[in-house]
Amino acid sequence: MGFTLLGALVPGLGLIVGGRRRLGAFVLTLFLGLVGLGVYVGLTRREEVLAAAVVPSRLLMTSVVIGAVAFCWIVVVVASHRSLRPATGGAGGRAFGASFVGLLCFAIAAPAAIGVQSVLAQRSLVQDVFQSQGESKSATRPSTVNVKDPWEDKQRLNLLLLGGDDAPSREGVRTDTVIVASIDTKTGNTALVSLPRNLTFMPFPADSPLRKYYPNGFGKEGLSLDGRLEWMLTAMYQNVPDAHPGILGPSDNEGADVLKQSVGEAIGLKLDYYLQVNLQSFPEIVDALGGIRVNVNERVAMGGVSSSHIPPKEWIEPGANQHLDGRHALWFARGRYGADDDQRQVRQRCVIKSIVDAADPQTLVTKYKAIARAGRHLLRTDIPQELLPAMVQLALKVKSGTVSNVTLDSDKLRLKYLHPDYQALRDTVENALESTPAPTPTPTTPATPATTRKPTTTTTTAPPGPVQNLADACAYNPSGDQPN
C-alpha cells in the first residue's frame, strides 16, 4: 500500500518496485521530464502561458491534455498496484487495496475535472465577450491589428470604460460612469480621467459625420434644467443612435462608438477600444472575487433621492480597509445621496483599483469558474480576440505599475456650466500625461499623433494637469464632514 501511494505521487516508482522496470523507468523519465518542462515554462515563459489562456483553440487543446494526463496517471496507479499486491492476499485485503486505489484515482480525477471545467469556462468567456476582428463590427476601433507587436508604434493605449445602468425594469441605457484609462504600453503606468455625467455640448471630431448635426457639440440652448437631462453626456449613449441610426457605419454597439468619438474629442485623445460594464451584473463579479476592500472616508448612502428629500434606508459607514460584498461595492461606487459627482468619481476609481488588487493569482485559480460566469454577463467590448494575448501581457505591467488619477478643476474648466471649456480640458489631460512619472529611468518614445492630438487653438490658459496616485487618493483619510 505504501509503494502504491509512492507510485501515485511519483509515477513510475511503483512499477519499478513491482518488477516492471523498463515500463516504470519510461514512465518515471516521462514524469520527471514533464515536471522539469513545467518548472522551466513557469519560470521563463510565464507571459506566454498567460497569453495562451485567451486563445480559444489553445484552451480547447489544454482541456484535452489535462484529461489525457489525468487518465494516464490513473492507469499508472492501477497498474502499479496490480504489480505490487501480493498474489496470496485474502479477499479483505484485496477489497481494502481496491478501495485505497479508488481513493487515489479520485484524488487525481477530481482536480483534473475542476481544471478542465475552469479552462472550458475561460474559453466560453473569451468567445462570448471578445469577437474576432473580422466577425464583429465597430465604427471606431483600429481597422487592423498587429498581432506580432501591437504596441510597436503605440506609446499609449486609450480605453473607454463605461458603466451602464441597463436593467429589465428600465427603459433605455444611461452611462453614468465614463472613465478613460490611458495606459503607457512600455511601463504599464495608467492614468484615469473621469468625466462628469452631466457635461453638455460634448464635441465631435471634425471628420465625424455627427459634426454636421452637432457643429457646436451635443446640446441645445434655452432649455430648463430638466430639459438638459436629455442633452448631457449620460444620455448620449441612447439618444444619439436613436436620432441618427447607422450614421457612423456598421457597429455592434452604436452608443459606445458615439461616446468614443465624443469623449476622445473632449479630452484630446484618440480612443482605441471600449469596455462596457453592466452595473446590474457588477455585484456578481465582486462576489466572485470574494469581495473587495476599500477605505470609506465618508458615509455613503445606499439609496435615497436627494432632489425629492427621500433619505436612504441604509448607509456604508466610514472605516479603514472595509470588506464590501457585491451589493455594497455597487452602492459605494454609485451612491449619490448627499454627494456630488466629484466624490462619486473618486469612489468609482477606487473601486477599479480594488478590483485590480483583488484579482490576485490565488483568487483567480480558486474562484475562476464564478469569475468567468460573471464576466459573460458583465462585459461588452470591441477589443478583438487577436489582441488578447498582448492585452494580457500589458495587464501584467498595469498590475505592477502605477494607477493615477488626473485631477480636473471643475471651476476652471467650467465642467458644471452649460458650455465647458473643452480646449482647456484637452490641455489639462495632455499636461497630466506628459507629467506622469515612470517607475524606471528607462526613456520612452514621444507620443505619436495617433494617440495624442495637439490643440489647434487656445481659448484660455490651460490649468495644470495634476496626477494623483490612487493609492493616496483612496487612502483612509476621513474628512469628518459626513452627509446625514
Side-chain angles (χ1 to χ4, degrees), residues 161-170 173-179 192 194-198 225 229 232-234 277-359 363 370 374 377-378 403 405 407-408 410 415-416 468-484:
L161 311 180
L162 300 174
D165 58 5
D166 46 319
S169 59
R170 217 172 153 152
V173 179
R174 301 267 177 174
T175 50
D176 284 352
T177 302
V178 179
I179 300 175
L192 299 181
S194 297
L195 294 185
R197 62 191 180 93
N198 57 353
L225 180 59
L229 293 177
M232 292 180 175
L233 171 59
T234 186
V277 175
N278 174 8
L279 294 182
Q280 296 301 317
S281 299
F282 177 79
E284 189 178 353
I285 194 74
V286 174
D287 288 335
L289 286 168
I292 60 174
R293 289 198 170 273
V294 297
N295 293 308
V296 183
N297 289 313
E298 58 196 7
R299 298 183 80 198
V300 179
M302 298 179 64
V305 181
S306 299
S307 59
S308 302
H309 305 290
I310 301 175
K313 296 181 179 180
E314 298 179 77
W315 294 87
I316 301 174
E317 298 296 339
N321 197 30
Q322 290 200 49
H323 180 271
L324 302 183
D325 60 14
R327 174 172 173 267
H328 287 80
L330 178 61
W331 278 114
F332 180 77
R334 299 196 70 199
R336 65 179 63 176
Y337 183 90
D340 57 27
D341 280 349
D342 294 339
Q343 293 170 303
R344 294 174 66 235
Q345 289 167 10
V346 171
R347 284 191 259 118
Q348 289 165 2
R349 291 190 291 265
C350 292
V351 167
I352 291 176
K353 180 181 182 300
S354 298
I355 290 177
V356 172
D357 293 340
T363 300
H377 302 155
L378 181 76
V403 181
N405 164 45
T407 304
L408 304 180
S410 296
L415 298 183
K416 297 180 181 180
Q468 182 182 25
N469 191 320
L470 274 186
D472 299 327
C474 302
Y476 185 57
N477 186 25
S479 63
D481 185 15
Q482 305 293 340
N484 52 46

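Under the 4.5 Å side-chain criterion, counting only non-hydrogen atoms from C-beta, I355 is in contact with L289. The shortest side-chain heavy-atom distance between V403 and L192 falls under the 4.5 Å cut-off. Counting heavy atoms from C-beta on, the side chains of N321 and N295 come closer than 4.5 Å. Using a 4.5 Å heavy-atom cutoff, the side chains of R197 and M232 are not in contact. R299 places a side-chain heavy atom less than 4.5 Å from the side chain of P318. Inter-residue side-chain proximity for S194 and R349 is flagged as met; some heavy-atom pair is nearer than 4.5 Å.
Here I292 contributes atom CD1 and D287 contributes atom CG; the two are 10.0 Å apart, rounded to the nearest 0.5 Å. A distance of 7.0 Å separates CG in L229 from CZ in R174, rounded to the nearest 0.5 Å. Separation of atoms OG (S354) and NE2 (H323) is listed at 11.0 Å; rounding is to 0.5 Å. Summarising the geometry, atom OG1 belonging to T177 is positioned 6.5 Å from atom CZ belonging to R344; distances are rounded to the nearest 0.5 Å. The distance from the CD1 atom of I285 to the CG atom of N278 is 12.0 Å, given to the nearest 0.5 Å.
For the side-chain contact (heavy atoms from CB on, under 4.5 Å) with P196, the qualifying choice from D176, L415, V178, T234 is L415, the only one to do so.
Between T175 and L233, the shortest heavy-atom contact is OG1-O, 3.9 Å. Taking every heavy atom of both residues into account, A358 and G291 meet most closely at CB-O, 4.1 Å. The two atoms that bring V351 and A333 nearest to each other are CG2-CB, 4.0 Å, heavy atoms only. Heavy atoms only, all atoms of each residue included: G319 and Y476 are closest at C-CE1, 3.5 Å.
Between the H328 side chain and the M302 main chain, no donor and acceptor come within less than 3.5 Å of each other.
Residues forming a side chain to side chain contact (heavy atoms under 4.5 Å, CB included) with V296 (at least two apart in sequence, or on another chain): V294, V300, I316, Q322, F332. Remark: L330 pairs with L279, F282, P283, R334 by the side chain to side chain contact (heavy atoms under 4.5 Å, CB included) rule, at least two apart or across chains.
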